[in-house]
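What follows is one structure encoded as structure tokens, with my remarks underneath.
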Amino acid sequence: MPRVVFIQPSGESHTVDVASGTSLMTAAVKHGVDGIIGECGGVCMCATCHIYVREDFLDKLPPIQDTEEAVLDVTNAERLQNSRLSCQIKMTEALDGLTVTIPPSQR
Amino acid sequence: MAAGCVIVGNGQAGFETAAALRAEGYQEPIALIGEERHLPYQRPPLSKGFILDKQGMDEIELRPDAFFSDHRIDLVTGDRVTAIERQERRVRLASGSIKSYDVLVLACGARNRQLPVDGAELDGVLYLRTLDESIAVKQRLHDANAIVVVGGGFIGLEIAASARSLGKTVTVLEAQPRLMPRVVAPLVSTFYGTLHAARGVTVVCNASVSGIGGDDAHRARSVQLANGASYPADLVVVGIGVVPNAELARDAGLDTGNGILVDEHLQTADPAIFAIGDCADHPNPYAGARVRLESVQNAADQGRTVAATIAGRRAPYHAVPWFWTDQFDVRLQMAGLSRGYEEAVTRGNPDAQRFSVYYFKQSRLIAVDSINRPADHIVARRLLASHAPVTPAQAADETVNLKDLRYVP
């Protein structure tokens, strides 16, 4: 199963096995990764699953759609060029090793 | 030892209170008590992704089992609080157990309003609010051919869209002259009527249901209207609103109106008791009046507000209300409360299925409904929160970037 590494703002990291097809947000919530909330359940309404994606993985991710683009505009922590919403990233084998950092706040 | 916090109801509001209390650093015991025999779960998918099998049970649970033990939250499921003994600061449960509290949070939710007609008790007449009810609808939907949905509000229309996407014959019966009449402008109602019709749903407004006819096996077979019309059905799903669960509070001598009455801190007249979520009749600055809201946003934000207050950071509730509904491939996002609006203007193109409606009252923007315009919705929440001075002319003019208006004092 492909793995994802979640890095907390403190630097502490958490490696999680994520089934292909499962979103990063769902996986983080299931595994009790602090700092990923997903209040709206993954429908791109709430901006509480914001992450920063390690640069070398950015090109492998699906492009940002209109709804995600709008919601990224209202993240609580600063939006950076590697900001994404983890509910919009579905795991695939090609993303094995995906490393993301959790922002200091979500709301 | 301190008795800590007892939370009645483990829906979104109750869950959020417990989680937020721990996030606030609250150290006392927390009991989270719910009637349903499930882990706390999300309700929005129950009428959409869950009945279409796009989301499984494990995807709609709010947190895994371990979350509750890890955070020292005593999750009690399959039990019900039957009485509040305010003098003793304790609650009695149906199982016979008793729990003491320092602080009591009533997140009792609401229950389905029952269809008051003959035949409503027949087999095949279902409601949809809980996970178990959604499972029942999902099972029946599989074998049903003709589905009649009573109620053209969010839930009814979402169920209709889900059933239609499975290829079923679907009829929606709405008692009012238009769809979603209490929450959107006529323009938006018309848009949804056209959308559902185009996708093959029969939508009937001004439809006063007078009875449900059954067969010898006591199964629902048709829905009758007062005007004599009859619609064949092998599954009837009723979504005609809810009644707040306020009896527990009322029986304990607390004031109730359209729900449990609370102040701007979501506190009842008893300072040890708060009420939040679907059951709370609260003063809302975006309504300019007391309201009771049924939404994920309201439940979660009120849970967090109460948790902060209990943890010593007392603050009034003032979150911008927002809602959404997904029907077919169209998303309606609502910000603010449009009730009582005097003027509405449109931005974008309804014919292209991408537009927003801006509602004004006394020349002030009070709400925005956006259809497939997610950026408008997000900007609307900011405009409302910052009380930005938007005019109807600016809202209707696509060359004006509304985002730029938000910081104008």
Side-chain angles (χ1 to χ4, degrees), chain A residues 1 8-10 14 16-50 63-76 79 83-91 102-107, chain B residues 12 15-16 19-20 22-23 39 41-46 48-50 54-56 58-71 295-297 299-301 303-304 319-320 322-326 331-335 354 370 372-382 385 403 406:
Chain A
M1 212 181 278
Q8 294 292 341
S10 64
H14 200 134
V16 174
D17 291 332
V18 185
S20 286
T22 299
S23 80
L24 290 195
M25 183 280 286
T26 301
V29 167
K30 291 258 96 166
H31 288 87
V33 175
D34 284 342
I36 301 279
I37 296 160
E39 178 171 297
C40 73
V43 296
C44 234
M45 284 291 295
C46 72
T48 63
C49 68
H50 179 203
I64 298 176
Q65 303 292 321
D66 285 358
T67 309
E68 182 179 355
E69 178 62 38
V71 175
L72 278 170
D73 237 20
V74 290
T75 52
N76 187 285
R79 177 181 181 178
S83 285
R84 292 296 302 258
L85 296 180
S86 56
C87 70
Q88 297 303 301
I89 300 173
K90 290 249 166 74
M91 203 53 194
I102 294 166
S105 60
Q106 293 284 10
R107 57 195 171 197
Chain B
Q12 186 97 36
F15 162 78
E16 194 66 43
R22 288 298 181 233
L39 286 174
Y41 61 87
Q42 306 166 35
R43 287 192 204 281
L46 298 183
K48 308 182 271 276
F50 185 75
K54 288 179 182 165
Q55 285 167 285
D58 65 330
E59 281 173 279
I60 70 166
E61 284 165 359
L62 283 161
R63 291 294 181 276
D65 209 2
F67 173 88
F68 299 93
S69 46
D70 288 352
H71 290 80
S295 71
V296 169
Q297 171 278 320
D301 283 337
R304 282 196 290 276
V320 176
W322 52 264
F323 316 80
W324 81 93
T325 174
D326 290 329
R331 169 170 290 185
L332 168 61
Q333 297 170 286
M334 294 147 276
R354 279 171 58 84
S370 303
N372 290 337
R373 299 257 298 195
D376 282 358
H377 171 72
I378 297 292
V379 171
R381 284 200 230 163
R382 288 181 167 183
K403 211 165 145 180
R406 68 182 188 232

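The analysis underlying the following values was restricted to heavy atoms, covering all of them including side chains, and did not include hydrogens, waters or symmetry mates. In what follows, every chain begins at residue 1, and chains take the letters A, B, ... in the order their sequences are listed.
Using a 4.5 Å cut-off between heavy atoms, B:F323 touches chain A through its backbone atoms (N, CA, C, O) alone. In this structure, no portion of B:I60 lies under 4.5 Å from any heavy atom of chain A. Within the 4.5 angstrom heavy-atom criterion, atoms from both the backbone and the side chain of B:D58 approach chain A.
The backbone N or O of A:D34 sits less than 3.5 Å from a side-chain atom of A:Q8, completing a donor-acceptor pair.
B:T325 is not listed as a side-chain neighbour of B:R331, based on a closest heavy-atom distance of 4.5 Å or more. Considering only heavy atoms from C-beta on, B:D70 stays 4.5 Å or farther from B:R63 through its side chain. The shortest side-chain heavy-atom distance between A:V71 and A:Q88 does not fall under the 4.5 Å cut-off. A 4.5 Å side-chain heavy-atom check between B:F67 and B:L62 finds every atom pair outside the cut-off.
Most heavy-atom pairs under 4.5 Å with chain A: of the set B:A300, B:P64, B:A66, this distinction falls to B:P64. Chain A forms the most heavy-atom pairs under 4.5 Å with one residue out of B:E61, B:R373, B:Q333, and that residue is B:Q333.
By a heavy-atom distance cut of under 4.5 Å, A:T26, A:V29, A:K30 are the residues of residues 24-32 of chain A near chain B, going up by number.
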List the steps and the verdict of side-chain contact (heavy atoms from CB on, under 4.5 Å) for A:R84 and A:I89.
CA-CA 8 Å; A:R84 292 296 302 258; A:I89 300 173; 3.9 Å; yes
Would you mind writing out the side-chain donor-acceptor pairs for residues 35-50 of chain A within the sub-3.5 Å range, not counting sequence neighbours?
| residue | atom | partner | partner atom | Å |
| --- | --- | --- | --- | --- |
| A:E39 | OE1 | A:R107 | NH1 | 2.8 |
| A:E39 | OE1 | B:R304 | NH1 | 2.8 |
| A:E39 | OE1 | B:R304 | NH2 | 3.0 |
| A:T48 | OG1 | A:G38 | N | 3.1 |
| A:T48 | OG1 | A:E39 | N | 3.1 |
| A:H50 | NE2 | A:S83 | OG | 2.8 |

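Classification of the B:H377-B:W322 ring pair by plane angle, with boundaries at 30° and 60°, yields perpendicular.
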